[in-house]
*Asks:* 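Please read through the structure below; I'll follow up with questions.
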Amino acid sequence: MIKFTNTLLFLSGLYVFSTVNKPVMDEPKTGVVITAHSGGSNVKENPVIPGDFADPSLIRRGNTYYATGTSSEWAPHYPVFTSTDLIHWKQLGYVFNQTPSWASASFWAPELFYRNGTYFVYYVARRKSDGISCIGVATAKDPAKGFTDHGVMLEFGKEAIDPFVIEVDGQLYMTWKAYGLDKRPIEILGSRLSADGMKLEGEPFMLLRDDDKKGIEGQCIVKKGNYFYLLYSLGACCGRGCTYQVEVARATAIQGPYTRFTGNPVLAETAEWKCAGHGTVVTAKDGKDYYLYHAYNKADHVYTGRQGMLSELRWDQPGGWPSLHPMGANAAAIRNFRDEFTQPTLAGDWQWDFRHTKPAWKLTGGTLALSGTPDAKNPTGTALTVRPLSGDYTITTEVANHNESLKGLVLYGDAGQSVGIGVKGNRLQIREVKNDKTTIAHEEAIDHIKPLTLKIQVEKGYLCRFFRGDGKGGWTEVNTQGASYNAGFLPPWDRSPRPGLLQQGSDPAAFSYFSIAY
């Protein structure tokens, strides 16, 4: 593990990094870049990996592509997807089924890399001992079988995030974002990486500096002709106030100096999508280049999170600069999910907030028995959730047992932000947890001798209507004193809320099925 300390020299009121700071220049404009919001405006944009899938990393081995992305506070950590055409993807599993022993939270920006028969993932997480975001490394011989963690490989000042790895003439390099928590401009730094990919060597060098203090991160590098092209994200990544867009700079050496394209941005807001950024480039077998990145859908926005988008990267601008063109028109249709709990293991679609509960489950003959151990800061309970792939959906379940624990459906933003409908003894409840405070929005007595079906209809990601089944296939709406319940308070800043199943109490909750239909 390499630890770098930050050395600043103060000269005439200016700071200079102890390594050589290379100037960043603007190249005279040689043409108008065709961005997705101009040349691609008539192309239907669909996510190729819908739902919350931020900061995607992408590699190709033969005819197979692998992708992973940020999982933030959800476990298992870092979903892994695979494809043979970049358009149709299926989930393969996760990088980590168990939380690495050194890490506590904020599983961000994984970077996939392959070399000499080994798959690497360089990833970001907060260290338990001090809360600092560090870069760790894990390896696998087969991505479908999970990765072995090797712990922290890089800590740098107050944080090191957004790793990217490239091989140049047999030498490996890693780049990362630095100084995001300091009162100074952010820098994209780089360093040589050892041949085994496990540690940095030599002193770091600067590729790009954010002198305008707008925010730069989410970088990747692609070599084309005589140039190294650095694609990076400018602005704020996340939430309702996001401003992300993709810019490009280039240099004749990996270390720089880098010249920014005056036709920037090369990817920005479109009719349907906003805040595009943080992606990686892959070269297909036919030699074409593609960029997998994330963006918010304008309609569903924070309620479905930053979704996986694809553009073709064309080297068609005067002077050899690239342009980006949306490729999601033929993306696979969003599929409904239904789990009848007939398999011996839990389906890979399920996730949970690993910081605030330790879920436990048992699968027996088509029934899920769910329980857990929430921590003292969790008033919601144990939520087993799935990623919503659109803002309009319906979730249903059947509660198959009777006890004094709360059992039902939930829309979960965080431990202190949730809403759901459930049954507790012979009482049906609509329960809200807002700013860590629990409120029973509605309660009524019911006959809960037989299994009880429950349903939540969601529009735009946050407008909810609640229903209970009548036992004959019909539904009765449960009054919330309005046309719909406003759950707009749910989303954390960096991820979407998750719908799913809820249990709170000492006794397990039994469910016959769960479905989400779009």
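Quick note: residue numbers are just sequence positions, from 1.
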*Asks:* Looking only at the aromatic ring of each residue, does the gap between the centers of Y78 and F107 stay below 6.0 angstrom?
*Replies:* yes

*Asks:* Is the shortest heavy-atom distance from the side chain of V386 to the side chain of Y393 under 4.5 Å?
*Replies:* no

*Asks:* Go through L346 and W361 one step at a time and tell me if the side chain to side chain contact (heavy atoms under 4.5 Å, CB included) criterion holds.
*Replies:* CA-CA 8 Å; L346 197 65; W361 58 81; 3.7 Å; yes

*Asks:* Which class fits the ring pair F466 and Y485: parallel under 30°, tilted 30 to 60°, perpendicular over 60°?
*Replies:*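 Taking Y485 first and then F466, their aromatic rings stand perpendicular (interplane angle over 60°).
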
*Asks:* Where do Y293 and W273 land on the ring-ring contact (aromatic ring centres under 6.0 Å, His included) test, with the steps shown first?
*Replies:* CA-CA 12 Å; Y293 58 98; W273 298 87; 9.0 Å; no

*Asks:* Which is it for E217 and Y244 under the side chain to side chain donor-acceptor pair (under 3.5 Å) test, yes or no, and what are the steps along the way?
*Replies:* CA-CA 10 Å; E217 60 186 19; Y244 245 23; 2.5 Å; yes

*Asks:* Establish, yes or no, whether a centroid distance under 6.0 Å links the rings of F514 and W350.
*Replies:*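 Yes - the distance between ring centres of F514 and W350 falls below the 6.0 Å cut-off.
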
*Asks:* Backbone N or O of P379 within a donor-acceptor pair of the Q504 side chain at under 3.5 Å?
*Replies:*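 Confirmed, Q504 side chain pairs with P379 backbone.
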
*Asks:* If the threshold is 4.0 Å, N to carboxylate O, is there a salt bridge linking E443 and K424?
*Replies:*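 Looking at K424 together with E443, the answer is no, because their closest N to O distance does not fall below 4.0 Å.
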
*Asks:* Any sub-3.5 Å donor-acceptor pair from Y303's side-chain atoms to D392's backbone N or O?
*Replies:* no

*Asks:* Just by modelled atom types, is the Y513 backbone N or O under 3.5 Å from a matching donor or acceptor in the T397 side chain?
*Replies:* yes

*Asks:* Has the side chain of N378 got a donor or acceptor atom that lies under 3.5 Å from a matching backbone atom of D375?
*Replies:* no

*Asks:* Any ion pair linking R355 and D414 (charged N to carboxylate O, less than 4.0 Å)?
*Replies:* yes

*Asks:* For the pair Q417 and N435, evaluate side chain to side chain donor-acceptor pair (under 3.5 Å) and give the outcome as yes or no after the intermediate values.
*Replies:* CA-CA 6 Å; Q417 314 283 351; N435 298 326; 3.2 Å; yes

*Asks:* Between Y119 and Y66, does the ring centroid distance fall short of 6.0 Å?
*Replies:* yes

*Asks:* Between Y122 and W176, does the ring centroid distance fall short of 6.0 Å?
*Replies:* no

*Asks:* Tell me whether S104 contacts the main-chain N or O of R126 through its side chain, where contact means a donor paired with an acceptor under 3.5 Å.
*Replies:* yes

*Asks:* Any donor-acceptor pair under 3.5 Å linking the side chain of T439 with the backbone of A441?
*Replies:* no

*Asks:* Answer whether the closest heavy-atom distance between the side chains of R431 and V410 falls below 4.5 Å.
*Replies:* no

*Asks:* Determine whether a donor-acceptor pair (N or O, by modelled atom type, separation under 3.5 Å) exists between the side chain of D210 and the backbone of I186.
*Replies:*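 No: the side chain of D210 does not pair with the backbone of I186.
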
*Asks:* So, K298 side chain and T270 main chain: donor-acceptor pair closer than 3.5 Å or not?
*Replies:* yes

*Asks:* For E477, look at atom CD and say whether over 12 heavy atoms of other residues, nucleotides or ligands are found less than 6.0 Å away.
*Replies:* yes

*Asks:* Looking at C242 and C275, is the distance between their SG atoms under 2.5 Å?
*Replies:*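 Disulfide present: SG-SG distance under 2.5 Å.
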
*Asks:* Output, in order, the C-alpha distance, side-chain angles, deciding distance and verdict of salt bridge (charged side-chain N to carboxylate O under 4.0 Å, His left out) for E247 and K214.
*Replies:* CA-CA 12 Å; E247 296 193 348; K214 293 182 178 179; over 6 Å; no

*Asks:* Applying side-chain contact (heavy atoms from CB on, under 4.5 Å), name anything that partners Q351, two or more places apart in sequence or on another chain.
*Replies:*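 Expected list: W74, P76, Y94, T385, R387, R498.
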
*Asks:* Dump the intermediate steps for ring-ring contact (aromatic ring centres under 6.0 Å, His included) on F354 and H77, then the final yes or no.
*Replies:* CA-CA 10 Å; F354 74 100; H77 308 286; 4.7 Å; yes

*Asks:* Check whether any side-chain N or O of R60 sits under 3.5 Å from a backbone N or O of T283 as a donor-acceptor pair, and report yes or no.
*Replies:*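 Such a contact is found between R60 side chain and T283 backbone.
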
*Asks:* D55 and side-chain hydrogen bond (donor to acceptor under 3.5 Å, both in side chains): which partner among T70, T280, T68?
*Replies:* T70

*Asks:* I'd like to know if the side chain of T367 and the backbone of S512 have a donor-acceptor N/O pair within less than 3.5 Å.
*Replies:* no

